[in-house]
Each structure stands twice: as C-alpha cells, then as structure tokens.
Amino acid sequence: MTDSNVNITALMDILTVLLFFLIKSFSLSSTSLSIPDGVRLPASFTNSPVVDAVKLSLSEKELKADHQLLANLKNGQFRGSDLGRDHKTVTSLKEYLDAQMQKKKALIPEGAREADETFGKLIIQADKELSFKTLKLVLHTAASSGYEDYQFIVKEEAE
Amino acid sequence: MEEKMPLRLSRKLKKRQSLPLPEVNIVSLMDILTTLLFFLVIFASFSKYSSLNASALVFGKPSADQKQRFDLRIRFDHPKRATLFLGPFDKLKSSERSELERLIGREFQREQDGGVKKTIYGKSTEDLVRRLQAVLIPIKKAFPHETGALVLVGDRIDYQEFVDLLGGVRELSPKEEPLTLTTLVGTKETSRVLFPGVSVGEWN
C-alpha cells in the first residue's frame with residue numbers, strides 16, 4: 001500500500017485569502033445595528049463610528065425605541081392623540097426616555113456623567129423620506145428628557 | 001584499494017546524513033487560521049453604517065457676558081435655499097481673514113446687529129450644499145479653531161435633505177481637496193473638517 005499525502009497548499013491559500021478579505025471588511029463597532037423594516041436610511045459620506053445608546057427607529061408607520069413599539073404614525077405624521085398638550089412632545093416616547101434616563105442616572109454618579117460617552121446620547125434611525133416636521137417632534141421630546149446628543153444613522157454613499 | 005577519507009570529513013558527512021530532514025508542523029497554524037476565520041465569519045459586519053452627530057439646541061439664561069462670540073447660523077427652509085448668518089466678529093481672534101472680508105464685501109448683506117447674511121440658492125440640495133461649502137470654507141480659514149454652527153431646519157425639508165446639509169456643514173466630502181488652515185499660532189494643518197459641533201434647531 002502506498003502512503004497517500006494530502007496536499008493542503010490550495011486549502012491554505014484559500015483560507016489565507018478569505019482571512020485577509022474578512023479582516024479588511026470587518027468593522028469593529030461597539031454597537032450592532034439592525035435596521036428595522038420600513039426604514040430606508042439616508043446616504044451620506046460621513047464615516048463616524050456609532051456609540052451604543054438608546055435606539056430610536058422612525059418609519060412612516062411606526063416609532064420604536066429599542067425595538068419596542070411606542071406609537072403608530074399615519075403617512076409619516078404623528079396622530080394628535082400621541083402628542084402632549086404642547087403638540088410637540090410625543091407622550092409615549094417621553095415616558096420611555098424619562099425611564100431610561102432615570103436608570104442611567106441611578107447607575108452613573110453625577111460627577112461621572114460628562115465622562116461617560118453614552119450618557120444623553122440617542123441613536124436615530126429614520127426613513128429618508130420623512131419630513132423634518134415629524135423628526136423635530138422626536139428631537140424635541142428627546143431633548144426634554146435630557147437626551148441632547150444625536151447620532152443620525154446613515155448608510156455609506158454609493159460612489 | 002579503498003581510499004580512506006580523512007577522519008574529520010567522514011565525521012561531518014555522517015553528521016549531515018544523520019540529521020533529520022526539517023519538517024514544518026503547520027497544525028497549530030491551521031488551528032489559528034480556522035478559528036480566526038470562524039470568528040470573523042460569525043461576527044463580521046458587512047453593513048456600512050455610520051453616524052452623523054449633532055446636538056440639540058438648548059436654551060439657557062442669556063449670558064451677562066458682553067464678549068463677542070462666534071455665531072454661525074444656517075437656516076434651511078427650502079430644499080434649494082439656505083441662508084447663512086454670521087454674527088459680528090471684528091473682536092474675535094482670527095487668522096486668514098482677507099478672503100472672508102473680500103467675500104463679505106462682495107456677496108453679503110449687513111445686518112442690524114453688526115453681523116452679515118447671505119442667501120444661497122442651488123439647483124438641487126447637492127448643489128446647494130456645494131455652494132454653501134464655498135462660503136463656509138473662507139469662514140473656516142478665518143476661524144480654524146471654531147467648530148460650532150447652528151442649523152435651523154424648516155418643516156418642508158425631508159430627512160435625506162437634512163442629512164445632506166448637516167454632513168456638508170460638518171465636513172468636506174472625501175472627493176474634495178482638503179483645506180489648508182493656518183492656526184492662530186501660525187502652524188499649517190490640512191483638514192476636511194468644517195464645523196463638526198453642529199446644533200440642530202427648528203425654523204418655523
């Protein structure tokens with residue numbers, strides 16, 4: 001019986017090429033983003049990394065926070081019943097963000113909040129065809145709950 | 001008659017003959033490569049998402065300080081029109097002002113508070129952003145240390161247009177040549193960054 005030698009040179013080549021390709025494409029991000037259904041992100045050339053924070057997604061039909069449905073929209077507009085007396089605050093969003101802010105404040109002492117890179121930050125995934133009129137209600141509500149730093153998620157612009 | 005090799009040479013020959021053939025054991029290398037590969041395949045993110053950062057416009061008490069501050073505001077109330085306001089800046093520290101002053105003399109209107117204003121029109125939002133950046137560049141060259149700007153957005157603007165404008169105010173696109181800025185201490189630096197400290201407010 002003759003000895004059979006397995007030639008693994010080709011396998012090594014494939015593995016090495018795959019590895020280099022994956023290392024080049026790999027993006028190490030502190031947060032994983034899954035884009036909800038119904039949200040078509042706008043495109044931009046910007047290339048800033050995303051910092052983990054409370055995630056809001058706004059489509060023409062729904063407002064969700066961390067995958068939890070907060071309000072339904074009609075044709076990209078909030079219903080009157082979802083807004084507070086000032087017609088600027090989205091009530092369900094305000095309650096959610098206030099609760100999140102309370103938890104955050106309980107965890108982080110006052111002196112350390114400025115140094116914390118996630119404190120007061122929001123991730124906003126909104127549909128590109130929504131009007132600013134709708135978005136501003138979300139921003140106003142967020143600011144009133146203490147969330148003043150926004151990360152608008154964009155997809156890379158096609159060259 | 002057999003020729004006898006010198007003793008030293010024969011010992012060397014025996015040494016060479018007795019040394020085993022070198023073998024490279026690549027089992028551990030294969031283990032590492034396979035593990036890395038599985039790790040990257042499972043955790044690799046091929047989605048190219050990034051974030052455009054801005055902050056809320058927060059109103060506080062009016063400052064008692066009468067010092068002049070850098071005040072750059074851009075009102076965006078139509079997809080093809082933006083109005084730029086630059087507050088009084090004669091007392092502010094600046095570096096290369098000449099280009100900005102020539103531009104102001106040619107194209108800006110004076111405001112009552114001592115500031116200046118210019119309305120910019122574009123054929124599309126993309127064109128508008130390019131024209132806006134042509135005005136922002138001399139402002140940045142004059143005030144390279146300033147990073148704040150306020151963007152006031154009208155209800156008629158949609159989110160993609162808002163993102164386009166915000167991105168254009170924050171930085172130049174990778175397709176454009178970077179700026180050469182002269183800092184207040186006289187050093188030169190190259191950068192694509194314009195005004196990354198953008199605050200967003202609404203314009204009604």
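The sequence lines fix the lettering, A, B, ..., with proteins before strands; numbering per chain opens at 1.
- To the nearest 0.5 angstrom, A/Leu130 atom CG is 12.0 Å from B/Gln160 atom CD.
- A/Lys136 has its side chain within reach of B/Asp155: a pair of non-hydrogen atoms, C-beta onward, lies under 4.5 Å apart.
- Enclosure of atom CG in B/Asp113 by more than 12 non-hydrogen atoms of other residues, nucleotides or ligands within 6.0 angstrom is indicated.
- B/Ser50 and A/Thr46 make their closest contact through OG-O, 2.8 Å (heavy atoms, listed as atom of the first residue, atom of the second, distance).
- Taking OG1 of B/Thr34 as the reference point, atom CG of A/Leu11 lies at 7.5 Å (rounded to 0.5 Å).
- At a 4.5 Å heavy-atom cutoff, the contact between A/Glu129 and chain B is made by backbone atoms alone.
- Your options are B/Val163, B/Asp158, B/Leu52, and the one with the most heavy-atom pairs under 4.5 Å with chain A is B/Leu52.
- Atoms CD and NZ, on B/Glu161 and A/Lys128 in that order, are 11.5 Å from each other to the nearest 0.5 Å.
- A distance of 7.5 Å separates CZ of A/Phe45 from CG of B/Leu172, quoted to the nearest 0.5 Å.
- There is no contact between A/Leu122 and chain B, counting heavy-atom distances below 4.5 Å.
- Residue-environment remark: NZ (B/Lys118) exceeds the threshold of 12 foreign heavy atoms within 6.0 Å.
- Taken to the nearest 0.5 Å, the CG atom of B/Leu29 stands 7.5 Å off from the OG1 atom of A/Thr16.
- Within 6.0 Å of the CD atom in B/Glu111, the count of heavy atoms belonging to other residues, nucleotides or ligands exceeds 12.
- A/Leu58 places none of its side-chain heavy atoms less than 4.5 Å from the side chain of B/Tyr159.
- Note: A/Ala126 leads A/Ala126, A/Ser131, A/Ala142 in heavy-atom pairs under 4.5 Å with chain B.
- Only the side chain of B/Arg170 has a heavy atom closer than 4.5 Å to any heavy atom of chain A.
- For the pair A/Tyr150/B/Leu166, no side-chain contact is recorded, criterion being any heavy-atom separation below 4.5 Å from C-beta on.
- Counting only heavy atoms from C-beta outward, the side chains of A/Leu139 and B/Glu202 never approach each other to under 4.5 Å.
- At a 4.5 Å heavy-atom cutoff, the contact between A/Leu19 and chain B is made by backbone and side-chain atoms alike.
- Atom CG of A/Asn75 has 12 or fewer heavy atoms from other residues, nucleotides or ligands within 6.0 Å.
- Only the side chain of B/Asp164 comes within less than 4.5 Å of a heavy atom of chain A; its backbone N, CA, C and O stay farther away.
- When every heavy atom of B/Ser51 is checked against every heavy atom of A/Pro49, the shortest pair comes out as OG-O, 3.6 Å.
- Checked against the 6.0 Å centroid threshold, B/Phe162 and A/Phe152 count as a close aromatic pair.
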Note to self: side-chain contact (heavy atoms from CB on, under 4.5 Å), that's the test. Do B/Leu33 and A/Met12 meet it? Break it down for me.
What the structure shows: CA-CA 9 Å; B/Leu33 281 181; A/Met12 288 292 296; 3.9 Å; yes
